[in-house]
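In what follows, a single structure is set out as structure tokens and then discussed.
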Protein chains: 2
Amino acid sequence: MAEGDVDSRERLIEGTRELLWDRGYVGTSPTAILRRSGVGQGSMYHHFQGKADLVLAAEQRSAERMQRQVRETFAGAGSAYQRIRGYLLRERDVLRGCSVGRLIADPEIMADERLREPIRETFAVLHECLASVVREGQAAGEFDARLDAERTASTLAAVIQGGYALARAEGSAEPFERAIQGALELLRLAMPAAE
Amino acid sequence: MAEGDVDSRERLIEGTRELLWDRGYVGTSPTAILRRSGVGQGSMYHHFQGKADLVLAAEQRSAERMQRQVRETFAGAGSAYQRIRGYLLRERDVLRGCSVGRLIADPEIMADERLREPIRETFAVLHECLASVVREGQAAGEFDARLDAERTASTLAAVIQGGYALARAEGSAEPFERAIQGALELLRLAMPAAE
DNA sequence: GTCTATACGGCGATAGAC
DNA sequence: GTCTATCGCCGTATAGAC
């Protein structure tokens, strides 16, 4: 690849990423991508085979970024509860929602195995990180041993994704914050030593 | 209105409802609506001003239906926990998701105050029902008094909406079931008498 | 009320010059 | 590598007959 390549390719991917995040697959047109990326049509069809191909690259970029963020958060220091709390309270653009989660509403993405894969993988990573930290917390006597780590992990991941939905429905970040705080309260009540 | 009216209008609304549910606003075209409803273009523009108008009617139908279901569930008999459990475990087409929640991903709907209103209202009703039943449960000594009912309600609503997302990401209902079961486990651990 | 015909714009892609 | 020109199709809406 020569010099100019990287710039155009890169800008196309980032532009697509943004548009997908806000408008999903069907709502994102090649024309809009070109406008936002500031490149011409020729560039796009040189670097990518078509819309689906470019979207896949953009998805992989979002997936990669979210997976890195997740792993970093859970690899950090602190008790199990502190790490969970850290992830739940991480700074977020609540009304915009999750750049990866947004995509699973789209039927065109759901219908294509390849386009669904980065999303599936990302949530698998999140689930594994959450389940691990819950198990650690149980081993350390921090969480009630009766909790099922897999289930708790799914609950926590769902609270985040669902929190975005509630926030958008109300046009305010408050429902999201309430959902997160509520989950943390429930979790604290499942900590035997915490009283 | 004369005889035939009701049928055409009705079929248009139901057809639109189904398509919105599966494909959202941008993914739903008038042409597709006509095909699914089995009525002609003339009918559609006779009964409705255009796409947005028809979509609004379909949204109101979905909203009304979900609100009724919610109120019925929470008006039923049983302890607070039992009613929450009943709602969370209600039969659902998990991979299809929520007919109302699906819409809040769509930027065109978010941008239009009128199109957003039925969604906002529906989640407000759900939230109020959930918060009420949590408060009742606390008054009855069923749930830990330290829980914040508003937060807990948001958490529970989020688990459902987010559960759909996780399920679709994995292409299986299991993550949804886990998330729901996990929420119920956490709730049970917040029941002092329940040991 | 419902139909068919028609309009205009934008989508997604291709062609071929430079 | 990137550009402009062009394509065929469909989305959304209107017109006007019946």
Side-chain angles (χ1 to χ4, degrees), chain A residues 1-59 103 105-112 114-115, chain B residues 1-59 103 105-112 114-115:
Chain A
M1 295 201 194
E3 310 295 278
D5 293 24
V6 184
D7 278 348
S8 273
R9 235 191 103 87
E10 186 58 24
R11 288 166 66 164
L12 282 165
I13 290 177
E14 283 301 323
T16 305
R17 228 176 68 78
E18 300 289 322
L19 283 168
L20 281 178
W21 195 342
D22 293 331
R23 314 188 38 83
Y25 187 89
V26 269
T28 297
S29 69
T31 317
I33 293 172
L34 298 178
R35 255 198 307 271
R36 175 174 291 235
S37 309
V39 306
Q41 194 144 0
S43 279
M44 172 174 159
Y45 284 98
H46 170 73
H47 291 292
F48 301 96
Q49 296 193 356
K51 182 181 172 180
D53 189 35
L54 172 49
V55 163
L56 177 59
E59 273 190 68
L103 302 171
D106 239 298
E108 322 284 325
I109 287 186
M110 290 296 291
D112 186 329
R114 292 174 62 235
L115 291 179
Chain B
M1 297 202 195
E3 310 294 279
D5 292 24
V6 185
D7 277 348
S8 273
R9 234 191 102 87
E10 186 58 24
R11 289 166 64 165
L12 282 165
I13 290 177
E14 284 301 324
T16 306
R17 227 176 70 78
E18 300 289 322
L19 283 168
L20 281 179
W21 194 343
D22 292 330
R23 312 187 41 82
Y25 186 90
V26 271
T28 298
S29 70
T31 316
I33 293 173
L34 299 178
R35 253 197 310 270
R36 174 174 293 234
S37 310
V39 306
Q41 194 144 359
S43 279
M44 172 173 158
Y45 284 98
H46 171 74
H47 290 292
F48 301 96
Q49 296 193 358
K51 181 180 172 180
D53 189 36
L54 172 49
V55 163
L56 178 59
E59 273 189 68
L103 303 171
D106 238 299
E108 323 283 326
I109 287 186
M110 289 297 289
D112 187 327
R114 292 175 60 235
L115 291 179

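In what follows, every chain begins at residue 1, and chains take the letters A, B, ... in the order their sequences are listed.
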Hey, could you give me the CZ/CZ distance between B:R17 and B:R36, rounded to the nearest 0.5 Å? 11.0 Å
With rounding to the nearest 0.5 angstrom, report the CD to CG distance, A:E59 to A:L54. 10.5 Å
Separation between OG1 of A:T31 and NZ of A:K51, rounded to the nearest 0.5 Å: 9.5 Å
So, does B:T31 get its side chain near the phosphate of D:dG11, meaning an N or O under 4.0 Å from OP1 or OP2? yes
Distance check needed: C:dC11 C1' versus A:L19 CG, whole Å only. 14 Å
In whole angstrom, what separates B:Y45's OH from D:dT12's P? 8 Å
Can you check the B:E108 CD to C:dG10 P distance for me, whole Å? 14 Å
Take the protein atom NE2 of B:H47 and the nucleotide atom P of C:dC3, then report the distance between them rounded to whole Å. 10 Å
If I take atom CD in residue B:Q41 and atom P in nucleotide D:dA17, what distance separates them, rounded to the nearest angstrom? 18 Å
Whole-Å distance, B:L54 CG to D:dT12 P, equals 11 Å
Counting only side-chain N and O atoms of B:S8, is one of them less than 4.0 Å from OP1 or OP2 of C:dT2? yes
Which nucleotide in the set C:dG12, D:dC3, C:dC3 lies at the smallest distance from any side-chain heavy atom of B:S43? C:dC3
Check whether any side-chain N or O of A:H46 sits under 4.0 Å from OP1 or OP2 of D:dC3, and answer yes or no. no
Taking only Lys NZ, Arg NE, NH1 and NH2, and the carboxylate oxygens of Asp or Glu, determine whether A:R11 and A:E14 approach each other closer than 4.0 Å. no
note: A:M44, atom CE; C:dT14, atom C1'; distance rounded to Å ~ 12 Å
Whole-Å distance between D:dT2 P and A:R11 CZ? 10 Å
